[in-house]
Every structure is written in structure tokens, then in C-alpha cells.
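The chain is numbered in sequence order, starting from 1. Predicted model only: the values in this text are computed from it and were never measured.
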Amino acid sequence: MARRPLPRILSNRGAHLARGRELARTAADGATDVLHPLITIARGLRRLASAGRRRWLDTPKDRRGALLFLVASVILAVALLPYGPLLAAITLMAAAAWQGRNLTPAAPDGPDESQAQRLRSLYDALVPYFSSAGDPNPLYTHGGTWEKAFPAYEFDGTGRITRLVIVYPAYYTDSEAESRARIEHLLAAKSGRGREYHFAWDEEGNELTVQVLAPLPADIAAQRFVTSPGETVLGFTDPTQVRRTLPLTHGEERRDVPPVVWRTGIRSTEPHLLAAGQPGSGTTTLLRSVALQALLHGDVVIVDGGGTGEYACLTGRDGVLAVECGLAGVLGSLQWAAHETERRLTAANRAHQAGDPPPEDTRRPLWILLDRPSTFTHLAAADGREDPQSLLQVPLRHGRPANVTVVVADQLDSLETLSTAVRQHTRARVVLGPATSEQVTAVLGTPPRTTPLDHVPAGRGYARLGTGPVHRLQVPATPNPYDDATGDDHRQAVLELLPARSVQDHARAEPERTAPEPDPVHGVTADTMSVDKNSRDKPPLDLTATDKTTTDTHTANAEKTPLEPVPAESAATESS
């Protein structure tokens, strides 16, 4: 049976709709052209009425009667004059037409001469990279035009490029890192040095978008961030890849800034952090900022390899178990941390087998912060002792289920001295300070999408959490409050975040305390570091900087590792 054709009105419905839309668009454009004078006069009358209303509101109440009398007199005089109302209407329409004109200057159709010259020079510089001898229809040729190669562009007030879209041939090897690096280096040099550029490669569409990034705010001081337990703010970044913002206070101003949030705890995929940088790049500031945030919900053990007292403000504070700067104290602290990790795992496993929730002391986070641990590696090798980094294997490997987090910060030229466990288990990475693209790639595992700068402020760098994207990072200003070079605003901001002094610290600060002996390793005073005691029971920890072995008085670990008993006068905590 033959199929009957559809009616013509149904078969040509798409064409009728398209033609109807075109007619409607043409009619609207014609009506706009015809009614343009009326639209201008109406806009002018609205502006005149707004100006009269503002004039009436600005007039004091005691003078409004006189103003009304003056207006009424003018209207009466105009009404009595020959042709007065007609002249008044013509004058009003002329004033409305003058006030209703479009005051916005027309945007230029294209770039001016200097901008066109800059685009032409940039096009000529890309010709050797984007041209091929066998291309029958080349987009980039010597003496060619740049209009098709650069479909979109933006300039700032000084005439320099702020955004540029580049179309390149499909045969260019845009999937190779070396090819991309050559183009990015060329564009950064030709577009103007001293700025950071973000490069977005669209391999499918054969387009490269170059955009100038605004400088990150370097004046944000340390403060309480609106985060949940288990979230740590490493710094602040661009809003291009981070959709979340945090409300921050800067003096009397409040603003929202996108943060780089690092999530730790049992469900974290990147439970440990490694920060690297040059001297003075801000790695110590980053660790101090992390410590102040960690003390809100957990306990902290700090190992200071710099030996300059950068963490003296945290000594004896509630939640700070120890601040160690001597080799003996560091070994004792890390041994206790390894035993504490094992104890937490054992207690949590027993609770899981019994069908009970984990004990409270295993759910409280424990943070181990190490600043320049490579210093103690050299000291331990010279003294014939165990490398302190070897004691980090248990917290690094089993720290996530035990709520133990390890943060390591060291210099770029000392990364080779870090142990294999540290390099393998620290999947959250941060690079601060001036660094080459090769150094950033070696630490983060992938090159950044921005061009590094030669001169950067302290705390400025890049961050990558696991296999995520590389973010620009600016660490909040968290200086040492005891340093004379610290400003009053930043010093007060850090002091307000410090926890209260522990009871043991006040007892040890009595006048009759004998003077401690100097440490034979560092040549500094080796004082017994305090272990704070909160309302919760904590495992005993003897964190002295002398050569005696640190003891662990937990019942669960006493049978496994027999240690010396802690003297009552030097212990700063009580057993669980």
C-alpha cells in the first residue's frame, strides 16, 4: 500500500516557522527605527522627572512653599502669553530629546593602531611554530593577516593584552608538554613580562585561550575560617576552578575569597602533606597556619629543624604536646607518635570487632608537623643514631584510619634526603616561593597552567591535592608573633588564635626553677618541653631534649616496648 504524502502545511512547517521568525525580527527592527524619536523623548522625560523629584527632596521643608509659589507663577505667566502653551510644549520636548540621547560612547569596531601592531607582531612570532611547508591552506604564513588567527582579544588601559583566543592548525602537537611549553613561554614573553598568564588548551577545538591573572591577595591575615572539622585552609586561589568561597575579615572590610581546602581524616584521599620551597618562601608560615587550625579540634606535635624558635609561641599551649628542636627530643617524640598510632589502630580494631564505636581518644586528630626534618637526618648520621624519618613510616602508612596526619616541610634542594615513605605517602603537595617549571613539575607531578614569576611575595606558590588540578596559592599571613619584624596587626591576629597556656606550663615557670643545661647537639638550651593536659585523658609523653630515652606509659604499649619510667618531676602529663 503506497504511503500518502503529508499535507503541505505539515511538511513545510519548519520553513514556515523560520520565515515567521525572520519576519518578526524584521518588523521589530523597523518598529525600533520608526519609534526611536519617541523612545528618546520618553527617556528624556523620565530623566527630567527624576531630576525634579531629587530637587524637591533636597529642598528644605521651610522653603517648599516658596518653591511651589514660584512654579505656579511661571505656569500662570506662560498660560497667559500668546502661544505660551505651544512654546512651552516645544521647549519641553526639546529638553527631553536632549536629555534622552544615548550618552554611552560607541565602542570601536576593532583595535587601534598600537594594538593592531602588537597583534601583528605576536602573529609573526607564532608563524615558525604553527606553519608547515605541506599545508595547502596555511593559517600562519609570513606576511599573512592575524584576523583569522585571533578571533577574540582584550586589552587593558596601557595597551597590553589581557585576554587572547588563538586558533592553531590541527596538526600541531598540542598533546606534548614540550610543545605547549614553547608556545606558553613565547606568549608570556611577547605579551609582557611581570604578569601571570593562564593557558587553557582546547585540543578538540584547536584553540588556546590566554588570560592574564590578577594578583592574589597577599594581605589576608590569619583568622578563624568558616570550615568544618577535618578541613584545613592552605591558602587562597583564583575563582576559575574553585566554586567555594570563604567570608574573610580584612580590617573593617569583609570579602569572599576562594580557598584551597585540604580535607583530612578517615575518609581523606590525601591524608598527608608535603610542602617545599626556597629559604624565606613561607613554608614555616604554612606550618604555623596549619597548626593554629589543627589546635581547634586536635593535638599537635611540632618538630623544628630550623632551630630559630619559629614555633616558640606554641610552646606550653593547650593541645600542643611538644615543640622539639633537639635530636634526642625529636627521636622520643616520633617514637611516641609511632606507638600512639599503633595503639589507636589496636583500640579501634577491638571496638570494630565488638560492634562498638571507636574510643573517644582514637577519634581526636593527632597532627605531626615537621619543619626541615633533613637537618636531623644529617645530625643522626653524624652521631650514629637512628634517622628520625624512619620513625614516620607507621604514622604515614597507617595514619589515616588512626586520625594521625603528618605534614612535612623542607627546602627544594633537600628533597632528595627525604625518605621513600615521606615521598610516597604525602600526596597533597605545595610549592612556595620562586621555582622553575621543572622544580614545580618534580614536586607536583604535573606542570602548572600558569607561568611562574621570578619575584613573588612570601607564601606564594602552587598547590595540588592528589591527582587534582594545580592551583595558585597564597598562604595567609601567619608570622611569628615574637619576631620584632612582625607588624602589630599580624602579631595581634596570631596572638588571638593561640590557645591558652596549660597548667603545667605555669607551674614550670616558677622563679625557683633551676637553669637547664645546654644541648650538646645544637648548642641551645635543652629544656623539658611540656605536654598539655586537657579534660580528656591523653597518652603520657616525656618530651625532653636530653639524651635519655622517651618513655610511653600506655598499658597497651608497655608490654610491647619496655621503656624507662618517667620521673614524676619531669613528666608533664598523666597516664590514661
Practice task
For the pair R372 (side chain) and G307 (backbone), establish whether a donor and an acceptor sit closer than 3.5 Å, ignoring hydrogens and angles.
Solution key: no

Problem - Donor-acceptor contact below 3.5 Å, side chain R224 vs main chain L497 - result: yes

Problem - Aromatic centroids of Y140 and W146 separated by under 6.0 Å - result: no

Practice task
May I ask you to test the D238-H471 pair for a side-chain heavy-atom distance under 4.5 Å?
Solution key: no

Exercise for the section: Please report the C-alpha distance between E340 and R344 in whole Å, then the side-chain angles of each, then the deciding distance to 0.1 Å, and finally whether the salt bridge (Lys or Arg N to Asp or Glu O under 4.0 Å) criterion is met. Expected result: CA-CA 6 Å; E340 173 65 11; R344 290 184 174 212; 3.0 Å; yes

Handout entry: Side-chain donor or acceptor of R254 paired with backbone N/O of L248 under 3.5 Å
Key = no

Exercise for the section: Could you grab the distance from atom CG of L295 to atom CG of L498, nearest 0.5 Å is fine? Expected result: 8.5 Å

Handout entry: Nearest atoms (heavy-atom pairs only) where L314 meets A291
Key = CD1-CB, 4.0 Å

Completion exercise
In this structure, OH of Y462 is separated from CG of L432 (nearest 0.5 Å) by 11.5 Å

Practice task
Identify the two heavy atoms, one from D174 and one from R180, that lie closest to each other, and give their separation to 0.1 Å.
Solution key: O-NE, 2.6 Å

Problem - Donor-acceptor contact below 3.5 Å, side chain T245 vs main chain D256 - result: no

Exercise for the section: Output yes when a side-chain donor or acceptor of R427 lies under 3.5 Å from a complementary backbone atom of G466, and no otherwise. Expected result: no

Handout entry: pair V303-L369: side-chain heavy atoms closer than 4.5 Å
Key = no

Problem - Intermediate values then yes/no, salt bridge (Lys or Arg N to Asp or Glu O under 4.0 Å), R364 and D299 - result: CA-CA 8 Å; R364 181 170 175 82; D299 301 326; 3.0 Å; yes

Fill in the blank from the handout: In short, L119 meets P111 closest at the heavy-atom pair CD1-CG, 4.4 Å

Problem - Check: G265 main-chain N/O paired with S268 side-chain donor or acceptor under 3.5 Å - result: no

Problem - Interatomic distance, T162 atom OG1 to Q211 atom CD [nearest 0.5 angstrom] - result: 8.0 Å

Practice task
Determine the minimum heavy-atom distance between T451 and A188, stating which atoms define it.
Solution key: CG2-CB, 3.9 Å

Handout entry: side-chain contact (heavy atoms from CB on, under 4.5 Å) against T426, all qualifying residues, sequence neighbours excluded
Key = H272, L274, L396, V422, R429

Problem - Neighbour count >12 (heavy atoms, 6.0 Å) for atom NE2, H352 - result: yes

Problem - Flag, side chain of S289 to backbone of T285, donor-acceptor distance under 3.5 Å - result: no

Problem - Test item: L392 and L370 side chains (from C-beta on) under 4.5 Å apart, heavy atoms - result: yes

Exercise for the section: Mark yes or no for whether R288, through its side chain, and E310, through its backbone, hold a donor-acceptor pair below 3.5 Å. Expected result: yes

Handout entry: Separation between CH2 of W262 and CG of L273, rounded to the nearest 0.5 Å
Key = 4.5 Å

Completion exercise
Closest non-hydrogen contact found for P229 with H297 is CG-CE1, 4.0 Å

Handout entry: Considering all heavy atoms, the nearest A463-V430 contact
Key = CB-CG2, 4.1 Å

Exercise for the section: Decide yes or no for L292 and V494: does some side-chain heavy atom of the first lie under 4.5 Å from some side-chain heavy atom of the second? Expected result: yes

Exercise for the section: Measure the shortest side-chain to side-chain distance between P457 and Q474 over non-hydrogen atoms and say whether it is less than 4.5 angstrom. Expected result: yes

Handout entry: Note, L186 side chain near Y129 side chain (heavy atom, < 4.5 Å)
Key = yes

Handout entry: From E184 atom CD to R449 atom CZ, the distance as rounded to the nearest 0.5 Å
Key = 8.0 Å

Problem - Short side-chain donor-acceptor distance under 3.5 Å, T377 and Q389 - result: yes

Handout entry: Any donor-acceptor N/O pair, Y172 side chain to S179 backbone, under 3.5 Å
Key = yes

Problem - salt bridge (Lys or Arg N to Asp or Glu O under 4.0 Å) between R182 and E176, intermediate numbers included - result: CA-CA 10 Å; R182 288 196 299 267; E176 299 179 1; 5.8 Å; no

Problem - SB check D124 R118 (cutoff 4.0 Å) - result: no

Handout entry: Heavy-atom neighbours of R244 CZ exceed 12 at 6.0 Å
Key = yes

Problem - Side chains of D135 and Y171 in contact at under 4.5 Å (non-hydrogen atoms) - result: yes

Exercise for the section: With the side chain counted from C-beta on, respond yes when R43 and I39 share a heavy-atom pair under 4.5 Å apart, and no when they do not. Expected result: yes

Practice task
Look at the side chain of E207 and the backbone N and O of I166, then say whether any donor-acceptor pair between them is shorter than 3.5 Å.
Solution key: no

Exercise for the section: With rounding to the nearest 0.5 Å, note down the distance linking OG1 in T450 to CZ in F199. Expected result: 8.5 Å

Show me the side-chain donor-acceptor pairs of residues 402-412 shorter than 3.5 Å, one per line, residues at least two apart or across chains.
{"from": "N403", "atom 1": "ND2", "to": "T362", "atom 2": "O", "distance (Å)": "3.3"}
{"from": "N403", "atom 1": "ND2", "to": "R363", "atom 2": "O", "distance (Å)": "3.3"}
{"from": "D410", "atom 1": "OD1", "to": "S374", "atom 2": "OG", "distance (Å)": "3.2"}
{"from": "D410", "atom 1": "OD2", "to": "S374", "atom 2": "N", "distance (Å)": "3.3"}
{"from": "D410", "atom 1": "OD2", "to": "S374", "atom 2": "OG", "distance (Å)": "2.9"}

Practice task
Answer yes or no: are there more than 12 heavy-atom neighbours, outside Q393 itself, under 6.0 Å from its atom CD?
Solution key: no

Practice task
On the 0 to 90° scale, with breaks at 30° and 60°, tag the Y123-F150 ring pair as parallel, tilted or perpendicular.
Solution key: perpendicular

Problem - Distance-only side-chain donor-acceptor flag, S390 / E386, under 3.5 Å - result: yes

